[in-house]
Amino acid sequence: MKTFFLLLAVLGSAATSLARPPNVVVIFIDDMGYGDIGPYGATKQRTPHLDRMAKEGMKLTSFYAAPVCSVSRAQMMTGCYGARVSVPGVYFPGQSVGLNPSEVTVAERLKEKGYATQIIGKWHLGDQPEFLPTRQGFDHYLGIPYSNDMLKKSADTKIPVVPLLRDEKIVELMDGDAQTRLVEIYTKEAVDFIGRSKDKPFYLYFAHNAVHTPIHPGVAFAGKSQNGRFGDWVEEVDWSVGQVLDALRSQGLDKDTLVVFTSDNGPWLIRGVDGGSAGPLRGGKGSTWEGGVREPTIAWWPGHVPANSVNDAVAGTIDLLPTFVSLAGGTAPATPVIDGRDITSILLGQSKESAREAHYYFASYDLQAVRQGRWKLALVPQPDGMGKQAAKVPAGLRLYDLDAEIGEQTDVAAQHPEIVAKLKALADKMAAEIGGKEPTARRPAGEVKGAKTLYPMIDYVPNDGKKDDAKKSEKKEASKKSAAKSAAKPIALAQAKVGDTIASASAPQVGQKAFTISVAVESTQSDAVIVAQGGLIGHALYLKGGHVAFAVRHGADEVVEILSPAEVKGSFAVTASLAADGAMKLVVAGQEAVTGKSRGLLSRQPAEDFCVGHDTAKPVGLYGKLIVLQGAVSGLSVTTP
């Protein structure tokens, strides 16, 4: 009790009416951009509940997450940058790695304080039993444990599905159409949890799969916005927010509950109209430009968070754990080290200064930028987003004044050398601690043996993050056998015609090799597949909006596409190549060459068939529909060094 009354004294007179520590609700959206809701400038989709939430609460306009899904969720759970807890990227179904169970999550910290804990929606920190949320401090779980686009073919039905879990058991295998029910299912569970838990403090982590592609708005919302199905889904998310806030009001809990609305990363720009908007910010998902990591964030706690307020202090998802623990009457221990800080004073309108010395922008284990106050120092060239090549910027360090220009267009490093030196020193220190290949303070990821998928799948091999010598040896042996088989049955690609399909083992062996594709095409179509092989890992050459496109895919969420500068019509010749360092090049006869950069060679031979003029399985390239080529190909070749 002594600790609790001390807490009330710290919070000030606004909190003296509290009879207990506040409930905490986090509404975490997937792939929502800075410009996708009304309070942050959206006009094509209506968000009346979020508009009201902002009027009754606070907009946090410099609130940061991470470039991609799993990293952002690890930060939310641990209060640490993903690099510190060895969560560098995105987890896939059936992997043997995940958030280490030894990490103490915010749910575990609040559970120690007597909170009921529930997670609804996307977990994405490992799908093995040891990594599931019910092993990480949550009393209950209802949701899809990873991204909604990670549909894999069920061995029973042969239909691509994702699993809906209740606690640790599958209650439904959902195909794409079934996802139209997701927001409604999740929202009902949230409202029910609030009603069940009203008599004790609770923590609700409501992590929507929306608005990640594929976009599946509920039937009641389809076609209702002025921004296509993406806008429809945003409007359904807004309805869901309204349901949660109304449930708190009807239970008389609104003045006892802190609600934080935010997103895991920026908009997925290469998804076009399905990808969302970063508003005035540069870049999107997968990028450390502001548009990739600065999120539309609202804090709501009537009577405590000042109404209709705006705070531009630098803060982020890593700050939520120490803040929630503080509000619950505790203190985050000094060990293990966390990177976040208590931002209670910011939320209560008592401070407009960041609680941290600096904010660090990691992409995987690479520190790419650092911000302190108005100044952001970019250390390396940054891609504009996932699937996009690095922007053309001058070599060397770049300094941006975010107060003067939020869009990061003007480098002012030459005018402020002392700021550059100060931020570079901070960056060097943090990079040495948790970045790069030889960090001094990085904690290990969780790892299990005998990992398997949650349900029997076909045509899928888990993209495991661990590559020990034994696995390398197995891959090398498999490659030798595959090459031998290919040599025994040579395929005459030059005679290949539209509709031909070549088994992976007999197709050109491009795994861990540089390769060049050359072909002459005759077609009047604007969109069609020319050649494709892969699925989860692979390559494709295709027509897109009249342009020739070349794509290299390294995983479900990692594909780089480059487009010819001009449209093609009739007959044309094309050459596309992937170099050992990941450099991509596309040359269409009569046009200027275009280049791009993927992260390297394909890690293995594509598992699916080599297809000419079509794509038989999981799309390799960024084409919405698998359109068969109506025309002819000739002189097809795929060469390796």
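The shown structure was predicted, so the numbers you read here are calculated from the model rather than taken from an experiment.
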Practice item. Please lay out, stage by stage, how L132 and L165 fare under the test side chain to side chain contact (heavy atoms under 4.5 Å, CB included). Key: CA-CA 10 Å; L132 290 177; L165 299 186; 4.2 Å; yes

Practice item. Using the side-chain hydrogen bond (donor to acceptor under 3.5 Å, both in side chains) rule, take D238 and T47 through it: C-alpha gap first, then chi angles, then the decisive distance, then the call. Key: CA-CA 5 Å; D238 178 75; T47 57; 4.6 Å; no

Practice item. Let me see the working for D36 and S277 under side-chain hydrogen bond (donor to acceptor under 3.5 Å, both in side chains), right down to the final yes or no. Key: CA-CA 6 Å; D36 282 333; S277 168; 4.8 Å; no

**Study point:** Check against side chain to side chain contact (heavy atoms under 4.5 Å, CB included), L173 and V162
**Key:** CA-CA 6 Å; L173 291 176; V162 288; over 6 Å; no

Practice item. Show your reasoning for whether side-chain hydrogen bond (donor to acceptor under 3.5 Å, both in side chains) applies to N100 and S102. Key: CA-CA 5 Å; N100 198 318; S102 68; 3.0 Å; yes

Practice item. Please lay out, stage by stage, how V97 and Y91 fare under the test side chain to side chain contact (heavy atoms under 4.5 Å, CB included). Key: CA-CA 8 Å; V97 289; Y91 289 128; 3.8 Å; yes

Exercise for review: Dump the intermediate steps for ring pair (Phe, Tyr, Trp, His ring centres under 6.0 Å) on F202 and F193, then the final yes or no.
Suggested key: CA-CA 9 Å; F202 61 79; F193 171 75; 5.5 Å; yes

Exercise for review: Begin from the C-alpha positions of E172 and R181 and carry the test salt bridge (Lys or Arg N to Asp or Glu O under 4.0 Å) through to its verdict.
Suggested key: CA-CA 12 Å; E172 183 179 350; R181 297 186 285 112; 2.3 Å; yes

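Under 3.5 Å, the side chains of T501 and H614 contain a donor-acceptor pair of N or O atoms. Using a 3.5 Å distance cut-off with no hydrogens or angles, the side chains of E561 and Y542 do pair a donor with an acceptor. No side-chain donor from either of D264 and S72 sits under 3.5 Å from a side-chain acceptor of the other.
K44 has no carboxylate O lying under 4.0 Å from a charged side-chain N of E235, or vice versa, which leaves the two without a salt bridge. In this structure, R249 pairs ionically with D246, as a charged nitrogen and a carboxylate oxygen lie closer than 4.0 Å. Between E168 and R135 there is a salt bridge, since a side-chain N of the basic residue sits under 4.0 Å from a carboxylate O of the acidic one. Using a cut-off of 4.0 Å between Lys/Arg side-chain N and Asp/Glu carboxylate O, D192 and R196 are scored as not salt-bridged. Look at K544 and D527 and you find no salt bridge, because none of the NZ, NE, NH1 or NH2 atoms lies under 4.0 Å from a carboxylate O. For D339 and R84, the salt-bridge test passes: some basic side-chain N is under 4.0 Å from an acidic carboxylate O. R553 and E558 are not joined by a salt bridge, as no carboxylate oxygen comes within less than 4.0 angstrom of a charged side-chain nitrogen. Ionic pairing of K285 and D31 is present here: one or more N-O contacts between side-chain nitrogen and carboxylate oxygen are shorter than 4.0 angstrom. Looking at K153 and D459, a side-chain N of the basic residue comes within less than 4.0 Å of a carboxylate O on the acidic one, giving a salt bridge. The pair R73-D30 counts as a salt bridge, with a side-chain nitrogen and a carboxylate oxygen less than 4.0 angstrom apart.
Taking the six-membered ring wherever Trp is involved, the centroid distance between the rings of H208 and F206 falls below 6.0 Å. The distance between the ring centers of Y203 and Y115 does not fall below 6.0 angstrom. Proximity of the aromatic rings of F261 and F28 is defined here by a centroid distance below 6.0 angstrom, and this criterion is not met.
Under the 3.5 Å distance criterion, the side-chain polar atoms of D615 are matched with a main-chain donor or acceptor of V620. Here the side chain of T187 pairs no donor or acceptor atom with the backbone of S240 at under 3.5 angstrom. Within the 3.5 Å criterion, the main-chain N or O of Q118 finds no donor-acceptor partner in the side chain of D139. Of the possible polar contacts, one joining the D175 side chain to the D177 backbone as a donor-acceptor pair under 3.5 Å is found. Put simply, the side chain of R442 gets close to the backbone of A83: a donor and an acceptor are under 3.5 Å apart. When atom types are taken as modelled, the side chain of S96 and the backbone of K449 share no donor-acceptor pair closer than 3.5 angstrom. Side-chain N or O atoms of Y40 include one that pairs as donor or acceptor with a backbone N or O of T297 at under 3.5 Å. For the pair D232 (side chain) and S225 (backbone), a donor-acceptor distance under 3.5 Å is present. In this structure, the side chain of S154 engages the main chain of D156 through a donor-acceptor pair within 3.5 Å. Between the side chain of Q605 and the main chain of V510, a donor-acceptor pair closer than 3.5 Å is present.
A pairwise comparison of heavy atoms in S86 and A445 identifies CB-N, 3.4 Å as the closest pair. Of all heavy-atom pairs spanning H124 and S70, the tightest one is O-OG, 2.9 Å. Of all the heavy atoms in L269 and G284, the pair that sits closest is CD1-N, 3.6 Å. Taking each heavy atom of D609 and A503 in turn, the nearest pair found is OD1-CA, 3.6 Å. Of all non-hydrogen atoms in N265 and A66, the two that sit nearest each other are CB-O, 3.0 Å. Among all heavy-atom pairs drawn from G621 and A551, the shortest one is CA-CB, 4.0 Å.
Side-chain contact between P217 and T180: absent, with no pair of heavy atoms (C-beta onward) separated by less than 4.5 Å. Put simply, the side chain of P93 reaches to within 4.5 Å of the side chain of Y146, judged on heavy atoms. You'll find the side chain of M386 stays beyond 4.5 Å of the side chain of P67, heavy atoms only. At a threshold of 4.5 Å between non-hydrogen side-chain atoms, the residues Q533 and H539 count as touching. For the pair I29/V237, a side-chain contact is recorded, criterion being any heavy-atom separation below 4.5 Å from C-beta on. For the pair L327/L258, a side-chain contact is recorded, criterion being any heavy-atom separation below 4.5 Å from C-beta on.
Counting non-hydrogen atoms of neighbouring residues, nucleotides and ligands closer than 6.0 angstrom, the NZ atom of K169 reaches no more than 12 such neighbours. Heavy atoms from other residues, nucleotides or ligands lying under 6.0 Å from CD of Q243 number more than 12.
To the nearest 0.5 Å, atoms CG (L110) and CG (N23) are separated by 10.5 Å. Taken from CD in E108 to NZ in K113, the straight-line distance is 14.5 Å, to the nearest 0.5 Å. Taking OG of S263 as the start and CD1 of I27 as the end, the distance is 12.5 Å to the nearest 0.5 Å. One distance of note links CD of Q512 with CG of L602; it measures 9.5 Å at 0.5 Å rounding. Between T288 atom OG1 and R294 atom CZ the span is 13.5 Å, to the nearest 0.5 Å. To the nearest 0.5 Å, the span separating CE on M457 from NZ on K152 amounts to 7.5 Å.
For the pairing with K122, the side-chain contact (heavy atoms from CB on, under 4.5 Å) check across L182, N209, I144 returns one residue only, N209.
Between W123 and F138, the ring planes are perpendicular. Angles over 60° get that label, and only those under 30° would be called parallel. Classified by interplanar angle (parallel below 30°, tilted 30° to 60°, perpendicular above 60°), the ring pair F221/W239 is tilted.
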